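The figures that follow rest on heavy atoms only: side chains count, while hydrogens, waters and symmetry mates do not. Nothing here was measured: the structure is a model prediction, and the numbers come from that model. Here is how names work: the chains are called A, B, and so on, in the same order as the sequence lines, proteins then strands, and each is numbered from 1.
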There are 2 protein chains.
Amino acid sequence: MARKTGSHSEITGPRVRAAALKLFARHGFAAVSMRQIAAEVGVQAGALYLYTKDKQSLLYDLMQAHMDELLSAWAAQPKADDAVSRLEAFARFHIQFHLERPDAVFIAYMELRNLSDENFAAIEALRRRYEGELEAILQAGQAEGVLSAPDIRLTTMALIAMLTGVNTWYRDGGRLSRDAVADIYWDMVRGAVGA
Amino acid sequence: MARKTGSHSEITGPRVRAAALKLFARHGFAAVSMRQIAAEVGVQAGALYLYTKDKQSLLYDLMQAHMDELLSAWAAQPKADDAVSRLEAFARFHIQFHLERPDAVFIAYMELRNLSDENFAAIEALRRRYEGELEAILQAGQAEGVLSAPDIRLTTMALIAMLTGVNTWYRDGGRLSRDAVADIYWDMVRGAVGA
DNA sequence: CTATGATTTGAACGACCGTTTAGTTATCAA
DNA sequence: TTGATAACTAAACGGTCGTTCAAATCATAG
C-alpha cells in the first residue's frame, strides 16, 4: 500500500497538529510516541515526517502558534483610555481566551521543559511579551493613582496565575457561565490591586 | 562486583527518593529513566527495585509523602478565632510551605496525569482535603460577614492558584525576601475577597 | 571466625522509541 | 491518457525503556 485515496496535505497536516495537541495535552509530550500520534491521525508513523521535521519541532510549532495567537488576539482588543478599564479588559480577555483552548494552554505551561534551549528561549520571549502587557497596565494604573501594586512584577505574576488557574477547574455546563466566571474573577482582580 | 562497602538501605533509600524528586521535577516523570535515577544515586538500575516496586510507585510515594506533609503541617498551625486571621494564616503558610519545597510542589501539580487511576484518585482526595481547608475558612468568613466570595469554590481555586504561582517566579536572593513576598500576597488575597 | 542475610552488580528480557528510506499508489496538469 | 509529483506504507536502523534474576560481595550477630 502507499498513497491513500482522498489524501491531501492540507487535510492531513492540520490533523497531525490536532492529534499532537490533543495527545500532548492528555498524556504529556514525553509520554506520547510518534506512533500514537500517527494512529490518532489514521496513518503510519513515517508519514508524520512529511509534516514535521521531528517531534521537537512538532511541539515547538504548537507552542509558537499558540503564543502568536495569544499576542495577536490581545493586540486586536480595543484599548480603553484608563488603566482600570484596560485591566478589566485584560482579565476578561485572558479568561475567555484560555477557556477557549485548554489543550494549547496546558501544553504551553507544562511542556516548556521539553523544549530545546533555543526553542525555549523563543517561547519564553513571547510569554514575557504577554506578561509585559499586564505589567504596563499596572504601571499606568499606579501612575494614575487608581490602583496599588507594591511590586509590579509580583502582582503581574500573581494575577496571571490566578486567572490562568480557571482552566484547572472550570468545565462548560457547570453551575456558572463563562461570563459569570469572568465577572467574579474581575472582581477579585480589582480587589487584589485595590482598584 | 556486588555489594558495595558502606552500603545501607537507610542511606540508599532516601537517596533514591531524593534523586527521583530532583530528576522528575527537572525533566518530568516520563522523560526520566530508571537508569538516570540510578546514576544520580551512584548505583545500577536494578538496585532501585530494592526500594520501590516500580517506577509508578516511586512517583506515587513522592506525591503521597508531599501531600501528607502539607496536610499535617497545616494541621499543626495554630488556629485563630476569626476567619480573616485564619485566612491570613493560610496565605502565609501556603507561600512559606511551597517556597520551601519547589521540587515536590512542581511534581505534585505536574505529574498527576502520570499516576495510575487508583493512585490519582488517592492523591486527588488529599488535594481536595487541602482545598477544603481554605473553603471552610471562606465559608466561615462569609457567615461572619467579614468577606465576600460570590462562589466559594471559584474563590478557593483562584486564591490557591495565585498563591501557588509564587513558585514560578520567586528565587531566593532576589529583590524581595520571603516575608516581603508573603506580605504582598496576603494584601492581594485580602483585597480579592474584600476583607 | 563463621554463617546468615542484606545489598548490589551485570547481564539479559521483550517491547518500544524516533527517524530514515525504498518502493507503491493516488492525484492532477498537460 | 500519460507522466510527474504528492502522499503514504512497510520495513528496518540503532538505541533505550522498565524490569527480573542469578551470582557476588559486604555487614554483622553469635
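To the nearest angstrom, P of D:dT16 lies 15 Å from NZ of B:Lys55. Summarising the geometry, the separation between CG on A:Leu58 and C1' on C:dT19 is reported as 14 Å, rounded to the nearest angstrom. In this structure, CG of B:Leu48 is placed 14 Å from C1' of C:dG10, rounded to the nearest angstrom. In this structure, CD of A:Glu10 is placed 13 Å from C1' of C:dC28, rounded to the nearest angstrom. Going from atom NE2 of A:His8 over to atom P of C:dT27 covers 6 Å, rounded to whole Å.
OP1 and OP2 of C:dA6 both lie 4.0 Å or more from every side-chain N or O belonging to B:Tyr51.
In terms of position on DNA chain D, the residue among B:Thr5 and B:Tyr49 whose nearest nucleotide sits closer to the 5' end is B:Tyr49.
The listed nucleotides are C:dT20, D:dG18, D:dC8; the one nearest the side chain of A:Thr12 is D:dC8. When each of D:dT9, C:dT7, C:dT19 is scored by its nearest atom to the side-chain atoms of B:Ser9, the top-ranked nucleotide is C:dT7. Taking the side chain of B:Leu50 as heavy atoms from C-beta on, and the options D:dC8, D:dT20, C:dT8, the nearest nucleotide is C:dT8. Across D:dG18, C:dT8, D:dT9, the shortest atom-to-atom separation from the side chain of B:Lys4 is found for C:dT8. For A:Ala47, the side-chain atoms get nearest to D:dC8 when compared with the rest of D:dC8, D:dA27, D:dA7.
Checked by atom type and distance alone, the side chain of B:Lys22 never pairs as donor or acceptor with a backbone atom of B:Ile37 at under 3.5 Å. A distance-only check finds a donor-acceptor pair linking the side chain of A:Glu111 to the backbone of A:Phe29 [under 3.5 Å].
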Practice task
Please test A:Asp179 against A:Arg92 for salt bridge (charged side-chain N to carboxylate O under 4.0 Å, His left out), starting from the C-alpha separation and ending with a verdict.
Solution key: CA-CA 9 Å; A:Asp179 283 347; A:Arg92 292 186 185 279; over 6 Å; no
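A:Arg3 contributes no side-chain N or O that forms a donor-acceptor pair with the base of D:dC8 under 3.5 Å.
Residues from residues 18-45 of chain A placing a heavy atom under 4.0 Å of any atom in DNA chain D, listed by number, are A:Arg35, A:Val43, A:Gln44.
Note that B:Arg101 lies outside the cation-pi zone of B:Phe106, set by a 6.0 Å cut-off to the ring centre and a 45° limit from the axis.
When side chains are defined from C-beta on, B:Met188 counts as touching B:Met162, because their heavy atoms get closer than 4.5 Å.
The aromatic ring centres of A:Phe90 and A:Tyr130 sit less than 6.0 Å apart.
The line from CG of A:Leu99 to CG of A:Asn167 is 5.5 Å long, rounded to the nearest 0.5 Å.
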